[in-house]
2 protein chains.
Amino acid sequence: MASTETVDRITSTDRIFDELFARIVGLDLLPGTKISETDVAKSFGYSRQPVREAFTRLANLNLLLIRPQRATIVRPFSRDLIANARFVRAAIELEVVRTAAQSRNVAFDADLKASLRGQRDAIAAEDTKAFHDLDYDFHRLLCLSAGRPFAFEMIAANKAQVDRLCMLSLTSTEAMQTLYEDHDGLVQALFGQDAEAADRILRQHLNRLDPIIDAIYTTHKGYFEE
Amino acid sequence: MASTETVDRITSTDRIFDELFARIVGLDLLPGTKISETDVAKSFGYSRQPVREAFTRLANLNLLLIRPQRATIVRPFSRDLIANARFVRAAIELEVVRTAAQSRNVAFDADLKASLRGQRDAIAAEDTKAFHDLDYDFHRLLCLSAGRPFAFEMIAANKAQVDRLCMLSLTSTEAMQTLYEDHDGLVQALFGQDAEAADRILRQHLNRLDPIIDAIYTTHKGYFEE
DNA sequence: ACACGAAAACTTGCATACTAGTCAACAAGA
DNA sequence: TCTTGTTGACTAGTATGCAAGTTTTCGTGT
């Protein structure tokens, strides 16, 4: 999303955006929470202006809901928005792995293998935080391997919508193991230039969220819109 | 991009955004053109504030390049940005047509057929403008038919980057005929629930831009960055 | 004529004040 | 008790002024 050309210096808006983004995705700010430009400005020690611009960016990511002359709230979960975000993310990532499988670029093979090793270690240590970080990086590596770093920005933007929801679900060791096996199968498919297998495995991988999201919908209906 | 929930009233920012968007995509404002918040504010009769917010939105779409304390310019064409935009658009639309083919929804069949008829008429009348509009609508119909209206918003956002470039290329009757045949084949693949054929045809369809973009790169290098 | 430097004229980022609209609380009346 | 109307405390949208930095201009010195 950011300019790819100039080394934009970090502005107040950037700082506020980053901080709020982390708080929202980390569920530090729960869906439905009212959040006012004035209050945030005071707490950050800036004026309303940069806060306002950060709000606009977050609203574009569907993380805030700006209601003119009423209030701005942390956007509640929406099954529609989540479905859309997942569809787009899947579409992009599927094309990424097909590309990566068909036009092999061995430059990232070592990184992919290292990531898998790291994931195994995280599972052994039952370190869900580390696993989550490695998972993030793994999917980024897939994009790099396909020569489409930009694709990951799009994926990340859509992931955010789902990630904050999944914060509500504990990741078990078994779940991590399953995800790891998907990753491993995906890498093997890439190395074997088997685009069809990569497609199939990634679809299954991304669909594993279905029951999790459904479960959260029933247990945390209050965080959903309406 | 806009909120899907409330009927947001149209703000000054919206008006300025829409107008500038049309001017940029319509090449009324050429790539590289300097454009200042103050000047635009004066010409619209608003203050700098709404102009500034419209600028931010356009910059997010990679249509403006805001260079702090220097100037804001209409973003020059970038082969990287165009490649990225096309990749993302293709990824999403491919998944759209695969979905539309596999889980048929006949509700839009009549609209699709009507669009094809309209396209034939536009070609007969050599009306490129009408054809372009119908083409836009056709791809929107594909998304609707797949039950993914949101996907078209993403496609449109990425299309803008390419559309303004293609304004530099005249559309011949033969070219329109080729595009029509793609559309027709695509619809037949959908009706026949042949996801593989739909995938193949759409890839070919989207790749037809390759030589056009290359040609424009050589004939209008001045509009490209660096 | 040319190189150089200072200043003026720009630019966007940020701060602050004002406007118009929404909502909630509360008092008055039935 | 319940309904209703008014008031005041919020909200975001907009206008404007200042700060910091870049670019251009133009005059000066060689």
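These numbers come from the heavy atoms of this one structure, side chains and all, not from hydrogens, waters or symmetry mates. For clarity, every value in this text was computed on a predicted model and none was experimentally measured.
- Across dT16(D), dC14(C), dT12(C), the shortest atom-to-atom separation from the side chain of Ser47(A) is found for dC14(C).
- For a distance-only test at 3.5 Å, the side chain of Arg48(A) qualifies as a donor-acceptor partner of the base of dG13(D).
- Residues Phe152(B) and Tyr136(B) place their aromatic rings such that the two centres sit under 6.0 Å apart.
- The side chain of Thr13(A) places no N or O atom within less than 4.0 Å of a non-bridging phosphate oxygen (OP1 or OP2) of dG13(C).
- Dense packing is recorded around CZ of Phe224(A), with more than 12 heavy atoms of other residues, nucleotides or ligands lying under 6.0 Å away.
- Of the candidate nucleotides dT12(C), dA12(D), dA15(C), dA15(C) has the atom lying nearest to any side-chain atom of Gln49(B).
- Side chain of Asp39(A), nearest nucleotide from dG13(D), dT11(C), dT11(D): dT11(D).
- Both the sub-6.0 Å distance and the 45° axial angle are not jointly satisfied by Arg15(B) relative to the ring of Phe44(B).
- Between the OH atom of Tyr46(A) and the C1' atom of dA19(D) there is a distance of 15 Å, given to the nearest Å.
- Distances shorter than 4.0 Å separate none of the side-chain N or O atoms of Thr11(B) from OP1 or OP2 on dG13(D).
- Rounded to a whole Å, the CD atom of Glu53(B) is 14 Å from the C1' atom of dT12(C).
- Atom NZ in Lys42(A) sits about 8 Å away from atom P in dT11(D), given to the nearest Å.
- Contact annotation: Arg70(A) does not reach the phosphate of dA12(D) (side-chain N/O to OP1 or OP2, under 4.0 Å).
- Rounded to whole angstrom, the span from the NZ atom of Lys34(B) across to the P atom of dT23(D) amounts to 11 Å.
- For His183(A) and Asp135(A), the side-chain atoms include at least one donor-acceptor pair closer than 3.5 Å.
- Counting any heavy atom pair closer than 4.0 Å across all strands shown, Ile16(B) reaches no nucleic acid atom.
- Look at Thr72(B) and you won't find any side-chain N or O under 4.0 angstrom from OP1 or OP2 of dT11(C).
- Regarding Ile66(A), its CD1 atom lies at a distance of 14 Å from the P atom of dT11(D), rounded to whole Å.
- One finds a side-chain N or O of Arg52(B) lying less than 4.0 angstrom from the OP1 or OP2 phosphate oxygen of dG13(C).
- Taking atom CD of residue Gln69(B) and atom P of nucleotide dT12(C), one finds them 10 Å apart after rounding to whole Å.
- In the set dG13(D), dT11(D), dA15(C), the nucleotide with an atom closest to the side chain of Glu37(A) is dG13(D).
- Going from atom CZ of Arg67(A) over to atom P of dC10(D) covers 16 Å, rounded to whole Å.
- One atom, CZ of Phe55(B), and another, P of dT11(C), lie 10 Å apart when rounded to the nearest Å.
- Across His139(B), Arg148(B), Lys159(B), a single residue satisfies side-chain hydrogen bond (donor to acceptor under 3.5 Å, both in side chains) together with Glu93(B), and that is His139(B).
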